[in-house]
Amino acid sequence: MAYWLMKTEPDAFSLQDLQQRGQEPWDGIRNYQARNFLRSMQIGDGVFIYHSRVPVPGIVGTAEVASTAHPDPTQFDPQSKYYDPASRLDQPRWDLVDVAYRQTFAHNIALDSLRAMPEFSDSLLVRKGNRLSILPITAGQWNHVLQWAG
DNA sequence: GCCAACGTTGGC
DNA sequence: GCCAACGTTGGC
């Protein structure tokens, strides 16, 4: 059992969208480090959903990993904005996992609040210039945020 | 909307 | 293998 944080821009796909659909293939990850995290995910892993590029970025709720990693079909779709002409069918470059909605926090946990938590002092999340859209979360971080969220 | 920070690409 | 150029992310 592991924990992760996954960023999304709510203008494109929000936690509310995930709630409406119940489950969603988390496609479009085009960063090798993030992909490697995807590949180590197991069904049932906990996921914090994080909204970025909004006035108050932060964790807005939780989801869970609903499939192990498998090839992201958008990499082979010329119509997709995630199309990767360099990826080969017999050797896919990019993977995705399915993510299932779990809960929406009554109050968002803002990035500012996360920065103030000692648990997050070593996290990639609060490092300046960090652009990683998927990162590991420790059990301590997971529990602390859940407690904070009430 | 701006732009610093970062990852990737490709010429050499 | 270096590194300039480019494209993207994401806080502000």
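First the proteins, then the strands, lettered A, B, ... as listed; each starts at 1. Values in this document were obtained by computation on a predicted structure and should not be read as measured data.
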Just list the side-chain donor-acceptor pairs under 3.5 Å for residues 113-129 of chain A, sequence neighbours left out, or say none.
unit_1: R115(A); atom_1: NH1; unit_2: V126(A); atom_2: O; d: 2.9
unit_1: S121(A); atom_1: OG; unit_2: P118(A); atom_2: O; d: 2.9
unit_1: S123(A); atom_1: OG; unit_2: L125(A); atom_2: N; d: 3.0

Closest approach of L38(A) and A69(A), non-hydrogen atoms and distance?
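The answer is O-CB, 3.7 Å.
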Using atom [atom1] of [X] as one end and atom [atom2] of [N] as the other, report the distance to the nearest whole Å.
X	N	atom1	atom2	answer
L135(A)	dG7(B)	CG	C1'	16 Å
K7(A)	dT8(C)	NZ	P	17 Å
Y82(A)	dG7(C)	OH	P	18 Å

Spacing of I137(A) atom CD1 and W4(A) atom CH2 [to the nearest 0.5 Å]:
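The CD1 atom of I137(A) sits 10.0 Å away from the CH2 atom of W4(A).
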Using side-chain contact (heavy atoms from CB on, under 4.5 Å) as the criterion, point out the one residue from S133(A), P57(A), S14(A), S52(A) that pairs with E9(A).
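Result for side-chain contact (heavy atoms from CB on, under 4.5 Å) with E9(A): S52(A).
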I'd like to check I49(A) versus I59(A) (side-chain heavy atoms, cut-off strictly below 4.5 Å). Are they in contact?
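They are not in contact (no side-chain heavy atoms under 4.5 Å apart), so the answer is no.
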Could you tell me if the side chain of R35(A) sits less than 4.5 Å from the side chain of I134(A), heavy atoms only?
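Contact flag for I134(A)/R35(A) side chains = no.
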Answer yes or no: is there an ion pair linking R93(A) with D84(A), defined by an N-O contact shorter than 4.0 Å?
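Here R93(A) pairs with D84(A) in a salt bridge, since their nearest N and O are under 4.0 Å apart.
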Are there any protein N/O atoms within less than 3.5 Å of an N/O atom in nucleotides 2-5 of chain B, and if so, which ones and at what distance?
unit_1: dC2(B); atom_1: N4; unit_2: R53(A); atom_2: NH2; d: 3.4
unit_1: dA5(B); atom_1: OP1; unit_2: K128(A); atom_2: NZ; d: 3.3

Collect all protein-nucleotide pairs involving nucleotides 9-12 of chain B in which both atoms are nitrogen or oxygen and the distance is under 3.5 Å.
none

Is there a salt bridge (charged side-chain N to carboxylate O under 4.0 Å, His left out) between R39(A) and D95(A)? Walk through the geometry before answering.
CA-CA 7 Å; R39(A) 290 184 172 174; D95(A) 282 3; 3.1 Å; yes
